[in-house]
Amino acid sequence: MKSLELVIEYTAETIHPMHAFVCESPAVEQEVMLEGKTEGGKRTLLFYVEGDPRVYEAMLSARDSITEYDIRPDGDGGFFLYIRAPNGEGEELLLDAFSRDTVVVVPPVEFRADRTMRLTAVGHGTDLRELLDAIPSELSVDILSVGPFTRGFGPSLTDRQREALEAAQSVGYYEIPREGGVEAIAAELDCAVSTASALLRRAESQLVADTLGDRP
């Protein structure tokens, strides 16, 4: 079993409109796909989105191609999104690339504000090589790592949460006495103070749970 960690970069022509919205809107920081399946040309997905659910839903409701969706705010700077929609032509091509017999995509899949999607695929080495060859040429692919798959079962940090911790450290948030507050962290991350606070709380909560062995 091999593991392949990828960053796939979209162009303005190939990016999905909702991903483009995440890139362009100051009200939304990040989308993370927690689970998903495709059947009969239609996908059913579960996301966690960091941002304002009202702004996101206004954009979502304007899209005629959406079959159904349900938004559940979690009260901590983000919301869960259940959505069903038909696959577009460009999405079908990418899904075909990942449809190798032995390949599975390990959640979460991150959709980031720099037009990139970050994911980990696990499977036989031959199928993973075929996967890379089958990714549409219009997309840019950066291989972050290749090797045996290893992942713990404890809480893990998203890249955005890790960035929040790094920003907190750089502004002196953890110094004694404290040198910089949440406002300084938000400035480093170029996001709202409420978003920075939520990211920091989530990251710290996961680290504490991991340290104390409080695992699901």
Engineer: Quick one: are Phe111 and Val32 in side-chain contact, heavy atoms under 4.5 Å?
Structural biologist: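 Phe111 does not reach Val32 side chain to side chain.
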
Engineer: So how far is it from Asp133 CG to Arg129 CZ, rounded to the nearest 0.5 Å?
Structural biologist: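 Reported to 0.5 Å precision, the distance equals 9.5 Å.
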
Engineer: Are more than 12 heavy atoms from other residues, nucleotides or ligands located less than 6.0 Å from atom CZ of Arg54?
Structural biologist: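 No, because the 6.0 Å sphere around CZ of Arg54 holds 12 heavy atoms or fewer from other groups.
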
Engineer: What distance separates Tyr82 OH from Leu45 CG, expressed to the nearest 0.5 Å?
Structural biologist: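 One finds 9.5 Å between OH of Tyr82 and CG of Leu45.
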
Engineer: Restricting to non-hydrogen atoms, name the atom on Glu29 and the atom on Pro26 that form the minimum distance, rounded to 0.1 Å.
Structural biologist: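 For Glu29 and Pro26, the tightest heavy-atom pair comes out as OE2-O, 4.3 Å.
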
Engineer: Is there a donor-acceptor pair closer than 3.5 Å between any side-chain N or O of Arg118 and the backbone N or O of Val109?
Structural biologist: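 Looks like no, no N/O pair under 3.5 Å.
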
Engineer: Could you list all the salt bridge (charged side-chain N to carboxylate O under 4.0 Å, His left out) pairs where at least one residue sits in residues 163-175, not counting sequence neighbours?
Structural biologist: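 Residue pairs passing salt bridge (charged side-chain N to carboxylate O under 4.0 Å, His left out), neighbours aside: Arg112-Glu163, Arg160-Glu163.
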
Engineer: What about Leu144 and Met33, same hydrophobic cluster or not, with Ile/Leu/Val/Met/Phe/Trp/Tyr joined at side-chain heavy-atom distances under 4.5 Å?
Structural biologist: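 Different hydrophobic clusters.
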
Engineer: Looking at side-chain heavy atoms only, is the closest gap between Leu6 and Leu132 below 4.5 Å?
Structural biologist: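 Heavy-atom side-chain distance check passes, below 4.5 Å.
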
Engineer: Determine, stepwise, if the pair Thr44 / Arg84 fulfils side-chain hydrogen bond (donor to acceptor under 3.5 Å, both in side chains).
Structural biologist: CA-CA 4 Å; Thr44 303; Arg84 302 188 72 231; 3.0 Å; yes

Engineer: Out of Asp70, Leu34, Val49, which one pairs with Phe80 under the side-chain contact (heavy atoms from CB on, under 4.5 Å) rule?
Structural biologist: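 The passing option is Leu34.
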
Engineer: Hey, is the main chain of Met18 close enough, under 3.5 Å, to the side chain of His16 for a donor-acceptor pair?
Structural biologist: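 Yes: the side chain of His16 pairs with the backbone of Met18.
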
Engineer: With side chains defined as the heavy atoms from C-beta onward, is the minimum distance between Leu199 and Arg202 less than 4.5 Å?
Structural biologist: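 Leu199 does not reach Arg202 side chain to side chain.
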
Engineer: I need the minimum non-hydrogen distance between Val171 and Gly181, along with the two atoms involved.
Structural biologist: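 Shortest heavy-atom contact: CG2-O, 4.5 Å.
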
Engineer: Please answer: with hydrophobic residues joined when any side-chain heavy atoms are less than 4.5 Å apart, are Val28 and Ile83 in the same cluster?
Structural biologist: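 Yes.
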
Engineer: For the residue pair Pro53 and Pro73, what are the closest heavy atoms and their distance?
Structural biologist: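 Smallest heavy-atom distance, with atoms named: CG-CG, 4.3 Å.
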
Engineer: Kindly indicate, with the supporting measurements, whether the criterion side-chain hydrogen bond (donor to acceptor under 3.5 Å, both in side chains) is fulfilled by Glu31 and Tyr56.
Structural biologist: CA-CA 11 Å; Glu31 283 183 328; Tyr56 191 97; 2.4 Å; yes

Engineer: Is there a path of hydrophobic side-chain contacts, each under 4.5 Å between heavy atoms, that joins Val141 and Leu4?
Structural biologist: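 Looking at the clustering, Leu4 is in the same group as Val141.
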
Engineer: Between Asp127 (side chain only) and Arg100 (backbone N and O only), is there a donor and an acceptor less than 3.5 Å apart?
Structural biologist: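 No.
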
Engineer: Quick one: CG on Leu128 to CE on Met1, what's the gap to the nearest 0.5 Å?
Structural biologist: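 The distance works out to 11.0 Å.
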
Engineer: Under 6.0 Å from the CZ atom of Arg63, do we count more than 12 heavy atoms belonging to anything else shown?
Structural biologist: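 More than 12 heavy atoms, drawn from other residues, nucleotides or ligands, come within 6.0 Å of this atom.
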
Engineer: Nearest 0.5 Å, please: how far is CG in Leu81 from CZ in Arg72?
Structural biologist: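 Answer rounded to 0.5 Å: 11.0 Å.
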
Engineer: Which residue pairs pass the side chain to side chain donor-acceptor pair (under 3.5 Å) test with at least one member in residues 177-187, sequence neighbours excluded?
Structural biologist: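 For residues 177-187, and leaving out neighbouring residues, there are no side chain to side chain donor-acceptor pair (under 3.5 Å) pairs at all.
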
Engineer: Does CG in Asp114 sit with more than 12 non-hydrogen atoms of other residues, nucleotides or ligands closer than 6.0 Å?
Structural biologist: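 More than 12 within 6.0 Å, yes.
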
Engineer: Got more than 12 heavy atoms from elsewhere within 6.0 Å of CG, Asp96?
Structural biologist: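 Enclosed.
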
Engineer: If you look at every heavy atom in Ala121 and Leu131, which pair is closest and at what distance?
Structural biologist: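 Smallest interatomic distance, heavy atoms only, reads CB-CD1, 4.3 Å.
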
Engineer: Where is the tightest heavy-atom contact between Pro86 and Thr67, given as atom of each residue plus distance?
Structural biologist: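 Closest approach of Pro86 to Thr67, heavy atoms only: CD-OG1, 3.7 Å.
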
Engineer: Are Leu119 and Val146 in one and the same hydrophobic cluster, where Ile, Leu, Val, Met, Phe, Trp and Tyr link if side-chain heavy atoms are under 4.5 Å apart?
Structural biologist: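 Linked within one cluster.
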
Engineer: Between CG of Leu139 and CD of Glu9, what distance do you get to the nearest 0.5 Å?
Structural biologist: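 One gets 9.5 Å once the value is rounded to the nearest 0.5 Å.
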
Engineer: Would one find more than 12 heavy atoms of other residues, nucleotides or ligands at under 6.0 Å from atom CD of Glu39?
Structural biologist: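 Counting neighbours around CD of Glu39, 12 or fewer heavy atoms of other residues, nucleotides or ligands fall under 6.0 Å, so no.
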
Engineer: Any non-hydrogen side-chain atom of Thr38 less than 4.5 Å from a side-chain atom of Phe98?
Structural biologist: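 Result no, sub-4.5 Å side-chain heavy-atom pair not found.
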
Engineer: Any idea which heavy atoms bring Ile185 and Ala168 closest together, and the distance?
Structural biologist: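 The answer is CD1-CB, 3.6 Å.
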
Engineer: Transitively linked via ILVMFWY side-chain contacts under 4.5 Å: Tyr48 with Leu46?
Structural biologist: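 Yes; Leu46 is reachable from Tyr48 via cluster members.
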
Engineer: Does Ser25 use its side chain to pair, donor to acceptor, with the backbone of Phe21 at less than 3.5 Å?
Structural biologist: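 No, the answer is negative, given that no donor and acceptor are paired below the 3.5 Å cut-off.
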
Engineer: CG/Leu200 to OG/Ser205 distance, rounded to the nearest 0.5 angstrom?
Structural biologist: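 Leu200 atom CG to Ser205 atom OG measures 11.0 Å (nearest 0.5 Å).
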
